[in-house]
Amino acid sequence: MLGASYALIALGFALVFGIMKKINLAYGSSLLLAASISVCLNEIFVLSIFVNFVTLLIFSVIINIYIERMCFAWHTGPAGILPSMIASFAIWMQLDELAFRLIPDRTHFFKGIELGSIEIGQLFIKIDALFHFAVAISAMFLLYLIMMKSKFGLLMRAASENANTAWFLGARISSLGISAFALAGLLGGLAAFLILSANSQITPMFGMWCTFKGLVAMMLGGVGSLIGAVLGGLILGLLEAFVLFKLGVEFRELATFGVLFLILIIKPGGLLGGKSFMLIQEIEERV
Amino acid sequence: MLRIDKLNFSYGAIKALTDVSLMAATGSVTCILGPNGAGKTTLLQTVAGLLKPSAGSIQFDGENIISLSPSALVKKGIALVPENRLIFPEMTVRENLIVGAYLRLNKMQKSDFKFEIDKIYARFPILDKRSDQLGGTLSGGEQQMLAIGRALMSGPQFLLMDEPSLGLAPKIIDEIFEIIKELKQDGLSVLLVEQNAVKSLKIADYFFLLDQGQVSYQGGADDLENDAHIRKAYLGEKS
C-alpha cells in the first residue's frame with residue numbers, strides 16, 4: 001500500500017528530472033518542512049484534518065517554488081547540472097535545519113485520516129490504507145490526464161523533450177519551470193500527507209527518508225520517465241512489504257538497495273528509462 | 001520588412017558576426033548563403049531572439065525587436081524553422097502542431113483551430129495521414145514538413161528557415177523548395193539560410209553571402225548568377 005505513496009514521491013522527482021534533466025535533492029526536505037509547519041500549526045491552534053492537509057499542500061508548493069527560483073531557474077540561474085544539484089543540496093540543509101527548529105523533539109504526533117479497519121475472513125485490512133492507495137492512484141491518473149490531455153501538459157512534455165525548441169516556439173520557459181515545481185510540490189505534499197497519516201507521527205528523518213525512497217523508486221522505474229516512476233514506486237512498495245513479511249524489518253532496506261543495485265547493473269537506465277539515460281550521457285559529454 | 005543593422009555577436013572570444021547589415025523585404029524570399037561556420041545560423045538565432053547580440057539593431061516593420069523574448073517575437077509574427085528540424089520525437093504529429101500554435105490557443109475558438117490545422121494538413125497531406133504517429137517515426141522530409149507546419153501554426157508573417165534542405169534526398173529537397181515558393185505566393189516573407197546555392201537561386205529574390213561573419217556580397221538572383229567569382233565559389237563551376 002505504501003507503494004502508491006512512493007510512486008507519488010518518485011513522480012515528483014521524475015517530473016522535475018524529466019523536464020529539466022536535473023535532480024532536485026531538496027525535494028524530500030521540502031516535504032519535511034511543509035509537514036513540520038503543518039504539525040507546528042496544529043500543535044498551536046489544533047486544526048481540523050482538512051486544514052492540516054491544505055496547509056501541508058500549500059507550503060509544499062510554496063517551498064518547491066522557492067527551490068526552483070533558488071536553484072533551477074531557467075536561463076537566469078545556474079544553468080549547468082552540477083551547480084543546480086549542489087545548490088539544491090544547500091537548500092536541502094537549509095530546509096532540514098528549519099524543520100528541526102520547528103519540531104525540535106524526535107517524534108511528533110501527525111493528525112491524519114484514520115478510518116479503522118475491517119476483517120474479511122482471516123485478512124485484517126486497514127481501511128485507511130485502502131483509502132490512501134485509492135487516493136494515490138487517483139492522483140496519478142489525474143496527473144496522467146493533465147500531462148496527456150491538457151494544453152499545459154502538452155507544453156510540459158514538449159519542454160521535457162526539448163526545452164530550447166519549446167522556448168523558440170514561444171513557451172514561457174521560466175513560468176513553465178515554476179509550474180513543474182508547483183505540481184511536484186502538490187504531488188509530494190499529497191504523498192507526505194498519506195504516508196504521515198499512515199504513521200500518525202513525524203520525525204525529522206522524514207525528509208531524508210522521502211528523498212531516498214523517491215530517488216530509489218525513480219531509478220528503479222527509469223530515470224525521468226513518469227510511468228517508470230509509478231512502476232518503480234509500486235515495485236518498491238511491494239518489495240518492502242514482501243521482505244518485511246518474509247524476512248523481517250532488518251532486511252527491508254537491504255533488499256531495497258540490493259534490488260536497485262541489480263537493476264542498475266542489468267539495465268543502467270532503470271526499467272523504462274533507456275532514452276532518458278542516453279540524454280544524461282549526452283549532456284555529460286557536452287559538459 | 002526586416003532590417004538588420006551592424007549586428008555583432010561573439011561566442012566568448014570568438015567573433016561570429018561582425019557588422020552584419022541586411023534587409024529582407026516583405027513578401028519576398030531572402031537567402032543567406034555561406035559556407036559552414038560563416039555565422040548563418042547564429043544570425044538567424046539572433047533574429048529569433050535566442051541569442052542576444054553585443055551590438056547592432058534588428059528592426060521588424062520599423063520597430064526595434066532586439067530586446068524581445070522569443071515568445072514576444074512569435075507573437076509579432078516571426079517564426080523559426082530550426083536547423084535539423086528539432087521536432088518533438090515522442091509526441092504525435094498533431095501534438096507537435098498544437099505546440100506550434102500554443103501562444104494563439106487561448107484566443108482561438110475550436111473551429112478556428114480546426115481551420116488552421118486543416119490548412120496545414122491541406123498543404124502537407126502526408127502530415128494528415130501521419131496525424132497520430134509519433135514525430136520520431138517520420139522520415140527526414142516529413143519531419144521537415146512538420147517543422148515548417150509547426151512554425152506556420154503560430155500564424156507568422158515572417159518565416160526564418162535554417163537549412164531546410166539539410167540531410168534530405170534530392171527529390172525531397174525539390175519538394176521543400178517548392179513549398180517555400182508556395183509560401184511566398186501566399187504572401188509570407190521568408191529569410192532562408194542555405195548551403196544549396198543552386199536550388200536557392202531558383203526561388204530567392206535577393207541574396208546575401210556571409211563569409212566569416214561578414215556580408216561579403218549582396219545582390220539579386222540575376223546578379224549572382226552572372227558573377228564569375230560567385231559562380232566558381234558557390235555554384236561549383238570551373239572557370
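Side chains included, hydrogens not; waters and symmetry mates left out as well; all remaining heavy atoms used. So that the names make sense, note that chain A is the first sequence line, chain B the second, and so on, each numbered from 1.
Contact tally against chain A (heavy-atom pairs below 4.5 Å) for B:Glu95, B:Lys75, B:Gln45, B:Met153: the top residue is B:Glu95. Interface check for chain A: of the options B:Pro82, B:Ala151, B:Ala101, B:Gly49, the most heavy-atom pairs under 4.5 Å are formed by B:Pro82.
The parts of A:Leu169 that come within reach of chain B are both its backbone and its side chain, each placing non-hydrogen atoms under 4.5 angstrom from that chain. Both the backbone and the side chain of B:Leu86 come within contact range of chain A, with heavy atoms under 4.5 Å apart. For B:Phe88, the parts lying near chain A are the backbone and the side chain together; criterion is any non-hydrogen pair under 4.5 Å.
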- Please report the C-alpha distance between B:Asp186 and B:Arg123 in whole Å, then the side-chain angles of each, then the deciding distance to 0.1 Å, and finally whether the salt bridge (charged side-chain N to carboxylate O under 4.0 Å, His left out) criterion is met. CA-CA 12 Å; B:Asp186 291 352; B:Arg123 197 187 290 279; 2.7 Å; yes
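Using a 3.5 Å distance cut-off with no hydrogens or angles, the side chains of B:Ser57 and B:Asn64 do not pair a donor with an acceptor.
Using cut-offs of 30° and 60° on the angle between ring planes, the pair A:Tyr144 and A:Phe141 is parallel.
Ion pair A:Arg157/B:Glu90 not flagged as a salt bridge, since none of the NZ, NE, NH1 or NH2 atoms sits closer than 4.0 Å to an Asp/Glu carboxylate oxygen.
Aromatic ring centres of B:Phe115 and B:Phe113: separated by at least 6.0 Å.
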